[in-house]
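Values in this document were obtained by computation on a predicted structure and should not be read as measured data.
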Amino acid sequence: MALRLYNTMGRTMQEFVPITPGYVGFYGCGPTVYNYAHIGNLRAYVFLDTLDRTLTFLGYDKKHVMNITDIGHLTGDADDGDDKMLKTAQERHQSVLEVAQFYTDAFFADMDALNIIRPDVVCKATDHVQEMIELIKRIEANGHTYMAGGNLYYDVTTYEHYGDLAQLNLDELKAGAGKRAVVVVDENKRNPHDFVLWFTKSKFENQALTWDSPWGRGYPGWHIECSAMSMKYLGEHFDIHTGGIDHVPIHHTNEIAQSEGATGKKWVNYWLHNEFLILEGGKMSKSTGHFITLQTDLPPEKGFSLKSKGFDPLDYRFFLLNGHYRKQLVFSLEALEGAKSGRAALIQKIVKLAQKGGITLTAGKTYAKGKANNRTGLSEAANKYLDAFSAALENDLMTPVALSTISKVIKDAGLAPAEALELIDRMDSVIGLRLMETAQKAQKQQEEEQQAALAANDHSGDPEAAEIDALVKERTEAKKAKNFARADEIRDELTKRGITIIDTPTGPTWKRV
């Protein structure tokens, strides 16, 4: 079976065929660092991480590029509203770059807590303004722009395929009556759907960050950064571009127009988009001023963190992976509590599996490309499970099915514990729940607790110790022989004498109560 992905361009499942055999270049829209990421934002990065890990599992070389938007991004995607970066800087009495660095650090702290692998290239918009200017020059040279009111606009009517990604009707757009939810009133625009490539001082009199350009001193529009930086690191034609579903009608639609307007050729082959995380009251948004973070505590009037409610970041990752990235997920603390219990139960099953095989767990391995999916040395049964796991991933990253495969491995008594644990570790290289590492800690904690219990129940000096030891041993032998009547009889006798039996990995012991 080959990797199949749902391409938003055309709305169809398609077999993935990379431009260069064995190599994947992909770009994922990163954060605008003017505030903490909320848990809805973070869904996109867990999805990106799943794609990244899947490509490695399937044996591809890859380059994953992600931007950091540290140039002011407007509160509306279509050039309207306030400058988010400038607004936050004024509120915090800091410079724009100080604000950007603070929230960039906070973002990567969340990424690390969710066990998200860092992209191969992380690029800041402020470091690539010259690349944006050069790209805008190419767009202008190809006849796609006009100056009005001090700003350089992209004329969407000059690009034949404008709106293909969002399945918009160009004739309707020309008339200003398309499907887009946001139509901005800007008297400088020839068409309501035109967008700014370069702003000058006409937009904000006291803009914090400006650069010299052929169109005057100013700053780039939001959309151009992704085009310029993706082309710098991936070339003018690459395999995959990802982002949230909300990027489809404006941001990604505009990215395509300006990129292909500059190069005159196809820019991206596969467009992948994750759906929203939905609260009971609707889509989560920073603009409401009340949202949920992963681990950063907020004033009560602003929201709360999952950490403050007793959840581990990996509980949230487990919650997300139990839903498909293209399906809306309804979030509630009750649902997350279920995910927390489910992850804890999964860890305990792994600990019991290790105990069954007399295995001391170690932290998970790091697998190079394709190594986790290598079938050499595995039994036929193990290979079938690896086939099923691979098939789930190849079916548009179907993580709920992949997780169920891990559960089946644990339950299969026919698999040797060591081989089952090897399979779980390989599968977790994609799932990213740190299963072996967490189970190792749980195993160690249980052993320490059991040792403490044994030490607290030292039977030396108990005049009946030898007799009770003999009865406990006899009960164990009776259970092995399936003589459950005698085992129950001994248990009842010991209970009457105030004795409780404690099961440990090294065998049963007892204590007086």
Side-chain angles (χ1 to χ4, degrees), residues 7-12 19 27 29 67 73-74 76-80 131-149 151-199 213-215 220-232 234-243 245-273:
N7 194 345
T8 307
M9 184 68 80
R11 307 296 196 276
T12 58
I19 297 167
Y27 182 90
C29 282
N67 66 302
H73 168 44
L74 306 181
D77 285 354
D79 305 330
D80 61 327
E131 285 85 353
M132 300 178 210
I133 290 172
E134 294 303 319
L135 187 61
I136 295 171
K137 288 180 181 178
R138 295 174 66 184
I139 298 169
E140 183 179 45
N142 288 341
H144 295 291
T145 66
Y146 60 91
M147 286 291 297
N151 298 330
L152 183 70
Y153 290 88
Y154 188 103
D155 182 351
V156 300
T157 64
T158 65
Y159 176 64
E160 180 183 359
H161 298 287
Y162 187 82
D164 284 0
L165 181 70
Q167 297 187 342
L168 306 176
N169 185 292
L170 188 58
D171 291 332
E172 290 177 350
L173 293 183
K174 289 177 181 177
K179 300 178 183 177
R180 286 168 64 170
V182 179
V183 177
V184 180
V185 177
D186 181 341
E187 61 185 16
N188 293 321
K189 292 184 178 184
R190 296 175 181 175
N191 185 296
H193 303 273
D194 293 347
F195 57 94
V196 179
L197 294 169
W198 189 266
F199 288 105
S213 82
W215 312 282
W222 176 45
H223 312 295
I224 196 66
E225 70 175 84
C226 290
S227 295
M229 291 191 289
S230 65
M231 287 185 190
K232 176 172 181 176
L234 297 172
E236 295 183 356
H237 182 206
F238 57 91
D239 296 295
I240 299 173
H241 194 314
T242 69
I245 196 72
D246 52 325
H247 287 158
V248 172
I250 301 176
H251 181 45
H252 287 172
T253 289
N254 290 351
E255 279 186 56
I256 294 169
Q258 66 196 8
S259 299
E260 298 188 0
T263 67
K265 61 185 179 182
K266 188 172 186 177
W267 181 43
V268 173
N269 284 356
Y270 301 87
W271 289 86
L272 277 59
H273 294 91

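- A distance-only check finds a donor-acceptor pair linking the side chain of Tyr154 to the backbone of Ala257 [under 3.5 Å].
- With sequence neighbours left out, Asn7 forms a side-chain contact (heavy atoms from CB on, under 4.5 Å) with Met9, Gln14, Tyr270, Trp271.
- With sequence neighbours left out, Asn142 forms a side-chain contact (heavy atoms from CB on, under 4.5 Å) with His144.
- Here the straight-line distance linking atom NE2 of His251 with atom CH2 of Trp222 works out to 4.0 Å at 0.5 Å rounding.
- Legend: salt bridge (charged side-chain N to carboxylate O under 4.0 Å, His left out) pairs involving residues 131-147, not counting sequence neighbours, sorted by first then second residue: Glu131-Lys232, Glu134-Lys137, Arg138-Glu236.
- Checking His193, His247, His223 one by one against Asn254, the side-chain hydrogen bond (donor to acceptor under 3.5 Å, both in side chains) holds for a single residue, His223.
- With hydrogens and angles ignored, the 3.5 Å screen pairs no side-chain donor or acceptor of Thr145 with any backbone N or O of Tyr153.
- Note that the SG atom of Cys29 and the CD atom of Glu255 stand 5.0 Å from one another [nearest 0.5 Å].
- Applying the side chain to side chain donor-acceptor pair (under 3.5 Å) rule to Glu260 yields the partners Tyr159; only residues at least two apart in sequence or on another chain are considered.
- For the side chain to side chain donor-acceptor pair (under 3.5 Å) test, no residue two or more places apart in sequence or in another chain qualifies with Asp239.
- With rounding to the nearest 0.5 angstrom, the CG atom of Leu272 is 6.0 Å from the CD1 atom of Ile240.
- Put simply, the side chain of Tyr27 never gets that close to the backbone of Phe238: no donor and acceptor are under 3.5 Å apart.
- With values rounded to the nearest 0.5 angstrom, Ser213 atom OG is found 5.5 Å from Ile133 atom CD1.
- Using a 4.5 Å cut-off on side-chain heavy atoms (C-beta onward), Val268 and Ile256 make no contact.
- Partners of Ser259 by side-chain contact (heavy atoms from CB on, under 4.5 Å), not counting sequence neighbours, listed by chain and number: Ser227, Met231, Trp267.
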